[in-house]
Amino acid sequence: MADHYEVLGVAKDATVDEIKKAYRKLARELHPDVNAAPEAQERFKAVTHAYEVLSDSDSRRNYDMGGQGGFGGASFNGFGDIFDSFFGGGAGRGPRSRTERGEDALLRVPLTLEEVTFGVAKSVEIDTAVLCETCGGSCCQPGTDLETCDICRGSGSIQRQVRTLMGNMVTAAPCGSCRGYGQTIPHPCVSCRGQGRVRARRSIEFNVPAGVEDGLRMQLRNQGEVGQGGGPNGDLHIDFTVMPHEVFGRVGDDLTCTLQVPLHDAVLGAHAKVETFDGSLDVAIEPGAQTGDVVTIRHKGVNHLRGSGRGDLKVTIAIHTPTKLDKEQKELFKKLAGLRADEGIKLVKQSSGFFGRNRKA
Ligand SMILES: [Zn+2]
Ligand SMILES: [Zn+2]
């Protein structure tokens with residue numbers, strides 16, 4: 001008798017997927033519906049038997065250890081199953097489980113720029129399915145139990161003979177009475193209407209790390225919906241939205257802002273107190289400061305998401321030209337203009353001066 005691995009043309013250490021693939025490929029060639037040759041039918045039986053032995057981990061282990069992995073007859077009693085696996089599914093083996101993993105849930109959490117800068121602990125209310133406390137996920141009224149379906153006798157599927165062009169075939173379809181579960185609920189729990197779960201509002205707490213960006217998604221394992229029939233929870237995905245701030249912007253992990261400086265302070269130099277997320281900070285304006293000059297205050301930006309440390313606070317200077325002058329001020333500017341008559345108005349290269357100079361505070 002040929003080795004089952006050779007029959008399927010796979011290696012001894014082939015994965016379940018490789019075995020399945022090899023079987024499907026051979027079955028497409030050798031299936032009696034497509035290949036009427038007697039040798040093909042013999043090979044189809046051998047291939048099918050090899051697949052049955054190797055696709056089940058217990059029988060494969062047994063076979064690997066020298067056992068025969070079942071007798072030849074095994075390839076015939078499960079013809080329905082073979083066709084199911086060949087045609088990609090159907091009822092499969094045995095009834096399906098009433099217990100399913102819950103769906104993932106999505107929560108959008110808006111954050112202020114200040115929360116993003118330092119990180120924040122959040123407590124948020126969410127609406128998800130939770131385990132039904134009345135039945136504890138069993139789906140049955142307390143004191144009652146599931147009953148074996150008397151239509152399919154617990155198998156979850158109904159075998160039917162179907163006439164096809166190729167002759168009679170046996171197919172398995174999920175049982176309509178128990179919807180494939182093999183068991184029915186004679187007295188469904190009234191709290192959850194036999195679902196094992198109910199919708200409820202609950203509050204969850206989590207830490208938002210500093211440095212998260214707009215659109216970043218965080219995953220909280222097993223915080224999503226409870227599954228049907230008391231199945232395990234799905235995950236909770238949290239999408240962060242960072243709300244725009246009136247004064248501060250963000251570039252990478254740097255915070256940015258614009259400081260409007262009166263003309264005379266720009267000319268003579270000054271110190272300004274600026275209210276930041278770190279409280280009041282001193283910003284030094286050098287004499288002769290120009291519009292577009294950037295004063296960098298080190299380590300007062302957003303805390304890095306990965307690793308330690310913070311970005312910088314970058315203060316861009318915008319010089320404010322006075323518009324409302326009284327008589328005396330106007331006279332002073334006129335006098336100044338006279339003293340600086342040499343300084344003309346001229347075109348400059350694009351790269352000179354504005355919007356490119358950096359200064360360290
Ligand atoms: Zn219930
Ligand atoms: Zn049934």
Side-chain angles (χ1 to χ4, degrees), residues 16 19-20 23 48-49 51-63 67-104 128-164 167-200 222 224-234:
V16 177
I19 287 168
K20 196 179 275 179
Y23 169 66
T48 302
H49 179 56
Y51 173 69
E52 286 207 319
V53 172
L54 299 184
S55 60
D56 180 85
S57 60
D58 285 339
S59 72
R60 182 179 181 181
R61 199 176 311 119
N62 183 37
Y63 177 75
Q68 278 302 306
F71 298 99
S75 53
F76 294 102
N77 67 6
F79 232 33
D81 287 340
I82 294 162
F83 280 111
D84 280 334
S85 57
F86 178 55
F87 290 113
R93 282 167 203 271
R96 69 180 172 124
S97 171
R98 198 177 287 279
T99 303
E100 287 172 8
R101 182 177 183 273
E103 299 83 7
D104 290 349
T128 61
V130 298
L131 193 69
C132 172
E133 283 178 7
T134 308
C135 65
S138 77
C139 308
C140 303
Q141 260 309 79
T144 71
D145 218 334
L146 296 170
E147 269 176 17
T148 302
C149 174
D150 49 14
I151 303 296
C152 64
R153 293 191 298 270
S155 72
S157 57
I158 304 285
Q159 307 264 329
R160 267 187 308 183
Q161 280 241 341
V162 182
R163 286 174 62 116
T164 72
N168 286 346
M169 276 172 47
V170 178
T171 66
C175 169
S177 176
C178 61
R179 288 162 53 221
Y181 295 122
Q183 290 179 312
T184 56
I185 307 171
H187 307 285
C189 167
V190 290
S191 305
C192 62
R193 284 174 300 172
Q195 293 299 306
R197 56 180 184 169
V198 290
R199 294 211 74 80
N222 307 322
E225 314 257 347
V226 154
Q228 178 184 275
N233 290 53

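These numbers were taken from a predicted model, which means no experiment stands behind them.
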Exercise. In Å, rounded to the nearest 0.5 Å, how long is the span from CZ of Arg197 to SG of Cys139?
Worked result: 10.0 Å

For this session: Measure the SG-CD distance between Cys178 and Glu147 for me, rounded to the nearest 0.5 Å.
Result: 12.5 Å

Exercise. What is the distance from atom CD of Gln141 to atom OG of Ser191, rounded to the nearest 0.5 Å?
Worked result: 6.5 Å

Seminar exercise, completed: What one should report as the nearest heavy-atom pair of Gly230 and Thr99 is C-CG2, 4.1 Å

For this session: Output yes when a side-chain donor or acceptor of Thr144 lies under 3.5 Å from a complementary backbone atom of Cys140, and no otherwise.
Result: no

For this session: Look only at the side chain of Gln228 and the backbone of Glu100, and say whether a donor-acceptor pair between them is shorter than 3.5 Å.
Result: no

For this session: Taking the side chain as every heavy atom from C-beta outward, state whether Leu146 and Ile185 have any atom pair closer than 4.5 Å.
Result: yes

For this session: Specify the closest pair of heavy atoms between Arg60 and Ile19, including all atoms of both residues, with the distance to one decimal.
Result: NH1-CD1, 3.5 Å

Exercise. Atom CD in Gln183, atom OG in Ser97: separation rounded to 0.5 Å?
Worked result: 10.0 Å

Seminar exercise, completed: Heavy-atom closest pair (Gln159 atom, Val170 atom, distance to 0.1 Å) is OE1-CG1, 3.3 Å

Problem set entry | Asp104 side chain to Gly234 backbone, donor-acceptor under 3.5 Å | no

Problem set entry | CD1-OG distance between Ile158 and Ser177, expressed to the nearest 0.5 angstrom | 8.0 Å

For this session: Identify the two heavy atoms, one from Gly231 and one from Val226, that lie closest to each other, and give their separation to 0.1 Å.
Result: O-CG1, 3.9 Å

Problem set entry | Gap between atom CZ of Arg96 and atom OG of Ser157 - 0.5 Å precision | 12.0 Å

Exercise. Do Thr134 and Pro142 have side-chain heavy atoms sitting under 4.5 Å apart?
Worked result: yes

Exercise. Closest approach of Cys189 and Cys132, non-hydrogen atoms and distance?
Worked result: SG-SG, 3.8 Å

For this session: Mind checking salt bridge (charged side-chain N to carboxylate O under 4.0 Å, His left out) for Arg179 and listing every partner two or more places apart, or none if nothing turns up?
Result: none

